[in-house]
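Working notes, structure below.
Numbers for residues simply follow the sequence, beginning at 1.
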Amino acid sequence: MVGPSATALDMTLRDRDLGRLEFAWFAVQTGKSAFLVTMLVLAYEAGGTVAVGLMGLASYLTPTVLAPLAALPARRWPTERVLLAANAGRALAVLLAVGIVALQLPIPYLFAIVALEAGAGAATRPLHMALLPCVARTSGQLVAANVTSSAAEGAGTFLGPALAGVLLAAAGPVAAVVGVLAVYATSLVAVASLHVAAVGRRSASRAIAEPLSAGIAAIRQLPGPRLVLVGFGLQTFVRGLLTVFVVVTAIDVLGLGDPGVGALNAAMGLGGIAGAALAIGLSGRARLAPAFAVSLAGWGAPIVVIGLVPHPAVAVVGMAAIGVANAMIDVSGFTLALRTTPNDRRLAVMSLIEVVANGGVALGVIVAPLLIEALGIRGALLVGGLVLPIAAVVARPGLRKIDEGALGAGHEAELIRGVPMFGLLSLATVEHLASHLTPVELTDGSPLVREGDPGDRFFIIDRGEIEVSQGGRRLQELGSGAGIGEIALLRDVPRTATVRAHGDVRAFALERDDFLEAITGHRGALASATALVTDRLGTDADPADGTALH
């Protein structure tokens, strides 16, 4: 027997557009982590701990500033095209880095190119996360898509540093940067063939005219995204600390040398893969906040252990444990944020989370050298590692309340999902349609549509029964969940039947433009609707005049 978690994951892996999106994410994570490890090693060799901190600052400060602008290009161009442009910008920056490293230019040039690469990728995560609900079709598949994203990030975080370590040891830094460029090229191929329905972008574009202010307003109003934002902010601050701690620990404390930096980061990535496998179980859960709280604590605790027992084996296991917790945080946290943020504000909220996340890392890499100077590396590991366990305990009461109000969980959304032609639509599309439904109340005998009238709306029966007649002849009765009116809308013809209430009836109306945008914007939904219309025209037609139902 296949459980809901496995089914949702299987749906995700089989979906071509989700597959392209996730592969592009994997390629970006691999290239980004390989590039950063290479640059950190070069920085440490050139200027020690301070240079490592400055390199980390260059990597994370630029996207902190630019992430709020991620939503702006999406006002004019499709989100997936903006993602393609962002990945192309990263590839171009790495191409420039090849020349800088080959010419052995001074370290300020490395700082600049790292800032450029990170700035070009500032929009990557918000765009990727905003696209997931536009491709996933159910809440379970949304969790599964986040599991896949986390697994892809874990694999990239493992393979990237491993690739950098091997190339640095075997062929030098130029070869390492060329390897990053090749990886980024594969992400461009994947995104270039991605197709995402555009439903809801008109209203979303108006809401993101000022993306930072829109994100802040949403965070103020929505407790779920607000708590997730705080959690991610603290977690990324500790990650910034760890960015510096790993380099100093590997080289100075453990004596592993330059390859040891890549090895410890790779261990974290390997743990991320294992964590993503564990996170598959979250796709069957309605409540994700407890997993988010436990994962926060699990992210910091291994750092404390490494500080207490500075041994290579302990460090490798500890970094792997952090990778497991990182995967669980990403899956639970981002899914909670996506579930509890309305469609028209989702990209703005994701952009704000990216601002806080990058800002947290930037702050961490600034504070880390100061902690090391004041407490020594072991003392810094102990203090930095305790931040997240303490935060998890403090935030636990508030986190218990944020699983309510999940995306697409309302009654109207369930009605929409029950209409066969809407079954393939994404969560974002279903949410968009649900927000545009208008209630219609009918008493016994009242007409819902009249034969021969123009077709301007689609109807879904919520409760009660309706009677369908044609030319005065009764055809059938329909009840809750029935969809009415697709033929007139899709064929642009007058109503082909009269529909009246049989007793008291409650229905929901969807305007013509919203209906057609949703159906025609998704190839599978359009095929399903076309097949339904063809079937009804063939089976419900009056033999005398060839007309059909609705």
Side-chain angles (χ1 to χ4, degrees), residues 36-37 40 43-44 48-57 59-60 157 161 230-257 260-272 275 292-329 333 356-357 359-396:
L36 182 57
V37 166
L40 287 172
Y44 190 73
T49 304
V50 174
V52 171
L54 291 174
M55 187 64 76
L57 185 62
S59 179
Y60 292 103
T157 306
V230 172
F232 275 134
L234 292 172
Q235 181 254 327
T236 52
F237 168 71
V238 177
R239 184 166 198 150
L241 296 175
L242 190 62
T243 299
V244 179
F245 291 170
V246 164
V247 177
V248 178
T249 301
I251 296 175
D252 287 350
V253 178
L254 303 178
L256 299 176
V261 179
L264 292 182
N265 279 285
M268 181 176 172
L270 189 61
F292 185 66
V294 171
S295 301
L296 276 176
W299 215 101
I303 300 176
V304 176
V305 175
I306 294 172
L308 291 173
V309 187
H311 186 277
V314 173
V316 169
V317 173
M319 292 296 289
I322 292 171
V324 172
N326 193 71
M328 297 293 286
I329 285 176
V356 172
V361 178
L363 181 61
V365 297
I366 292 172
V367 172
L370 302 177
L371 280 178
I372 294 172
E373 181 68 23
L375 305 174
I377 182 59
R378 294 183 64 181
L381 287 167
L382 293 173
V383 171
L386 286 172
V387 171
L388 292 177
I390 293 172
V393 172
V394 173
R396 186 179 178 185

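- Of the options Leu264, Val314, Leu270, a side-chain contact (heavy atoms from CB on, under 4.5 Å) to Met319 is made by Leu264 and by none of the others.
- Rounded to the nearest 0.5 angstrom, Leu371 CG and Leu241 CG are separated by 6.0 Å.
- The minimum heavy-atom distance between Leu254 and Pro312, with the atom names listed, is CD2-N, 3.8 Å.
- Annotation: the span from Leu388 atom CG to Phe237 atom CZ amounts to 9.5 Å, rounded to 0.5 Å.
- Nearest heavy-atom pair, Val304 versus Gly385, reported as atom, atom and distance to 0.1 Å: CG2-C, 3.5 Å.
- Separating the CZ atom in Arg378 from the CZ atom in Phe245 is a distance of 13.5 Å, to the nearest 0.5 Å.
- Counting all heavy atoms, side chain and backbone alike, Ile303 lies closest to Val238 at CD1-CG1, 3.6 Å.
- In this structure, the side chains of Leu256 and Ile251 stay at 4.5 Å or more apart for every pair of heavy atoms.
- The CG atom of Leu296 sits 4.5 Å away from the CD1 atom of Ile329 when rounded to the nearest 0.5 Å.
- Between Ile372 and the options Val367, Leu381, Val244, Asp252, a side-chain contact (heavy atoms from CB on, under 4.5 Å) holds for only Val244.
- Here the shortest heavy-atom pairing between Gly318 and Pro302 reads O-CB, 3.4 Å.
- Residue Gly240 comes nearest to Val365 through the heavy atom pair O-CG1, 3.3 Å, listed as atom of the first residue, atom of the second, then distance.
- Taking the side chain as every heavy atom from C-beta outward, Leu40 and Thr243 approach each other to under 4.5 Å.
- Rounded to the nearest 0.5 angstrom, Thr236 OG1 and Leu242 CG are separated by 12.5 Å.
- Counting heavy atoms from C-beta on, the side chains of Arg239 and Ile322 never come closer than 4.5 Å.
- Note that OG1 of Thr249 and CD1 of Ile306 are 7.5 Å apart. Values are rounded to the nearest 0.5 Å.
- Nearest heavy atoms, Ala392 versus Ala293: CB-O, 3.4 Å.
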* To do: Before giving the answer on side chain to side chain contact (heavy atoms under 4.5 Å, CB included), spell out for Asn326 and Gln235 the whole-Å C-alpha distance, their side-chain angles and the decisive distance to 0.1 Å.
  => CA-CA 9 Å; Asn326 193 71; Gln235 181 254 327; 3.2 Å; yes

